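Written below as structure tokens is the structure these notes are about.
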Amino acid sequence: VTVRILVDKGRCQGHAQCAALAPDLFVLDDLGYLALADVEVADDNAPTARRGALACPEGAITILEEA
Amino acid sequence: VELAEHVDPALVRDFDYHQGAAFLVDPFAALDRARGDRAFFSTAYGGYWVLTRAADIREAFQHPDLFSSAQFSIPAGAYPRTMRPLALDPPDHTRYRQPLAPLFAPGPIARREPELRRVCAGLVDGFAPAGRSDLVADLARPFPTTVFVSMLGLPLAEATTFEQWNHDLTHAYHDPELRKSAARSIIEYLDEVVTARQKKDADDREDVLSALVRTEVDGRPLDHEELVDYAFMLFVAGLDTVTAMLGFSFYCLATRPDIRARLVAEPALVRGAVEEFLRAYAIINPARVVTRDVTFAGVEMRAGDRLLLSTPLASRDPEEVDQADVVLIDREVNRHLAFGAGPHRCVGSHLARLELAIAVDEVLARIPDFHLATGEQPVVHAGGSFGVDRLVVEWEVRP
């Protein structure tokens, strides 16, 4: 299974709630906005990635899991 | 208020979140009771729509093209000019928000932790031996005020004056003249401070105002008025809000021994508890003005209508949150809207979170067990921002 984190950069407003849960997965830029737009992560990170996505007040993060 | 033609009389409610009697007892319960319709219309303060669902409130925050911040509070604020960037819409908002972002980003704020902890610990050490405290007077007001004064490089001795001005400005709904005169006093004061910063020293100073003096928008330095607009916005946004959140958080801790005991046993839970306090006691009730005729949240709105985007209504919406009216400090998911959403997301949110966590840590480390003082009930206020005016608690002092 591949796990991808997709970020709608237009929606990210720098709440940083994803990074508060998993700073290594959701890397922020100097201003506190998500630095990544589309990144593949190890599949054992899937549960944490999903929690991070759910924590976003803007709904800016999507997790794609492909077999 | 004469009702506009497009407002369905069946959606008109007797609703006054500023001074309604129920709001002065428990503003959150009063809001919860207003939740029946997806949107309704209040005739108070000239009339406005109220959205009650988290999904609608979030969407409205995210669409500044439809819902402008040109009027961001009900009634309109007492500031005679444009509060930057609060009262602006994109793309102007984007340009004026930029200079603030690096000053309040998570990294720079985290680096202030030791200093903030020292300030807070000093305050708690001051009242801990007494066995009794009004936590609003002894902690919730002086802690954020001291932090604000230090971040802006202002003299600490003037903190009490700031607290009074800010209180009059934000809460004197019964006295519009008092609000205006408080605004004038703040502007006069900030005028002088900004003039002094512009004249000298700005290059060597690390405070927020000096950083703004050095910054550029559209390739030119900010002018005097713009700097005062920023300073005023920081003044309004930075003092009263954290005070209010501390008031409600410590009210919860004083009345929920189970939560207190868990946090004392497991300090690592404090950050999550702070998020839950922010959700259950979201305090800010911002407004917007409709820019063009639109059907939204099932009702017909006209350009010029105002609408309330209450963050407590959003954060306590049972359609989005299980047991929304209960404080549960270890929720798996907690995407409350206490800091708003969209481009105006509270720029001070990272600082506010840190101050709240530090205050809970430092109090519980010294006073693990406290409760409301006998015969005392907390005194709360409602309106654009809910808050606590008095919270007297007692504890046993061990020798």
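Just so it is clear: chains get the letters A, B, ... in the order the sequence lines come, proteins before strands, and each one is counted from 1. Everything quoted here is computed from the prediction, not taken from an experiment.
- Heavy atoms of other residues, nucleotides or ligands lying less than 6.0 angstrom from CG of A:Asp43 number more than 12.
- Environment of CG in B:Asp322: sparse, with no more than 12 heavy atoms of neighbouring residues, nucleotides or ligands closer than 6.0 Å.
- For residues 55-65 of chain A, the interface with chain B (any heavy-atom pair closer than 4.5 Å) comprises A:Ala55, A:Cys56, A:Pro57, A:Glu58, A:Gly59, sorted by residue number.
- The part of B:His350 that comes within reach of chain A is its side chain, from C-beta onward, which places non-hydrogen atoms under 4.5 angstrom from that chain.
- The distance from atom CG of B:Leu103 to atom CG of A:Leu31, rounded to the nearest 0.5 Å, is 10.0 Å.
- Proximity to chain A is limited to the side chain of B:Arg353, based on heavy atoms less than 4.5 angstrom apart.
- Chosen from B:Gly342, B:Gly107, B:Cys346, the residue pairing most often with chain A at heavy-atom distances under 4.5 Å is B:Gly342.
- Residue B:Glu59: no heavy atom, backbone or side chain, is found under 4.5 Å from chain A.
- Here the CD atom belonging to B:Glu332 is positioned 8.5 Å from the CG atom belonging to A:Leu54, to the nearest 0.5 angstrom.
- Of all the heavy atoms in A:Gly32 and B:Pro106, the pair that sits closest is CA-CD, 3.5 Å.
- Side-chain contact between B:Gln62 and A:Gln13: absent, with no pair of heavy atoms (C-beta onward) separated by less than 4.5 Å.
- Taken to the nearest 0.5 Å, the CG atom of B:Asn334 stands 10.0 Å off from the CG atom of A:Leu21.
- Chosen from B:Gly340, B:Ala101, B:Pro343, the residue pairing most often with chain A at heavy-atom distances under 4.5 Å is B:Pro343.
- Inter-residue side-chain proximity for A:Gln17 and B:Arg335 is flagged as unmet; no heavy-atom pair is nearer than 4.5 Å.
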